[in-house]
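Accompanying notes for the structure given below.
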Amino acid sequence: TYACSPATMLSKDFYGPNDLSLGSYLEQLFSSDARCPATGCTESLLSHLRGYVHDKGRVLVSIAETSVPAPSTGGGTGTGPAAATARGVYMWSYCPMCEYKSPLEPMEPETWDMSFAKFLELTFYAGAY
């Protein structure tokens, strides 16, 4: 994985003009023809690590192929929540401090449509809910 761009400050409003759904964000990462905008980098976005930091928390986003079989929902092409389920988009979390690893769970269509900014907030403040 690559992290070839310097950190930048982001401010996102839930479902605002500078936000997108979690699914749309992932579709951008899944696109094998999407290239890194950093000067001199010729790698696809698939091979990059994306990081988000807030207060004392950090979320790292990476794409990985697994040997977990996709659910049998028929299909697996196209875009949107149904295609994500058919292709086998899974989510999990890992805490390096306590080494807890959550189970691999298929992404639900409702999660696909969630605001990416809201997803980050829920992830950073999971312990408060």
Side-chain angles (χ1 to χ4, degrees):
T1 58
Y2 296 91
C4 56
S5 297
T8 58
M9 179 76 69
L10 295 176
S11 176
K12 294 193 176 281
D13 298 318
F14 305 145
Y15 303 101
N18 65 345
D19 190 17
L20 33 111
S21 72
L22 176 59
S24 294
Y25 171 80
L26 293 175
E27 281 181 339
Q28 288 178 355
L29 294 181
F30 292 152
S31 174
S32 60
D33 60 342
R35 295 281 165 217
C36 176
T39 304
C41 182
T42 59
E43 297 293 327
S44 74
L45 287 179
L46 284 172
S47 61
H48 282 69
L49 179 68
R50 298 271 182 120
Y52 301 89
V53 177
H54 177 73
D55 196 21
K56 295 178 182 174
R58 178 177 71 166
V59 173
L60 297 176
V61 179
S62 64
I63 305 296
E65 288 192 48
T66 69
S67 59
V68 176
S72 57
T73 58
T77 61
T79 60
T85 302
R87 282 193 310 231
V89 176
Y90 289 82
M91 302 176 71
W92 69 94
S93 61
Y94 172 74
C95 176
M97 291 174 59
C98 67
E99 297 185 359
Y100 171 78
K101 182 179 176 184
S102 71
L104 213 55
E105 296 287 341
M107 181 185 281
E108 298 292 333
E110 295 81 8
T111 306
W112 182 271
D113 291 329
M114 178 188 290
S115 155
F116 181 59
K118 186 65 175 177
F119 169 78
L120 289 174
E121 178 188 62
L122 292 172
T123 303
F124 285 124
Y125 295 108
Y129 294 105

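- Applying the side-chain contact (heavy atoms from CB on, under 4.5 Å) criterion to L120, with sequence neighbours excluded, gives Y52, V59, F116, F124.
- Closest approach of L60 and G51 over heavy atoms only: CD2-CA, 3.8 Å.
- For F14, the side-chain contact (heavy atoms from CB on, under 4.5 Å) partners two or more places apart in sequence, or in a different chain, are S115, A117, K118, E121.
- Listed by chain and residue number, Y100, E105 satisfy the side-chain contact (heavy atoms from CB on, under 4.5 Å) test with P103 (two or more places apart in sequence, or in another chain).
- Residues S24 and L20 share a closest heavy-atom pair of C-CD1, 3.8 Å.
- Note that the SG atom of C95 and the NZ atom of K101 stand 13.5 Å from one another [nearest 0.5 Å].
- For Y15 against M114, the heavy-atom pair with the smallest separation is OH-CA, 3.7 Å.
- Side-chain contact between D13 and N18 is present, with at least one heavy-atom pair separated by less than 4.5 Å.
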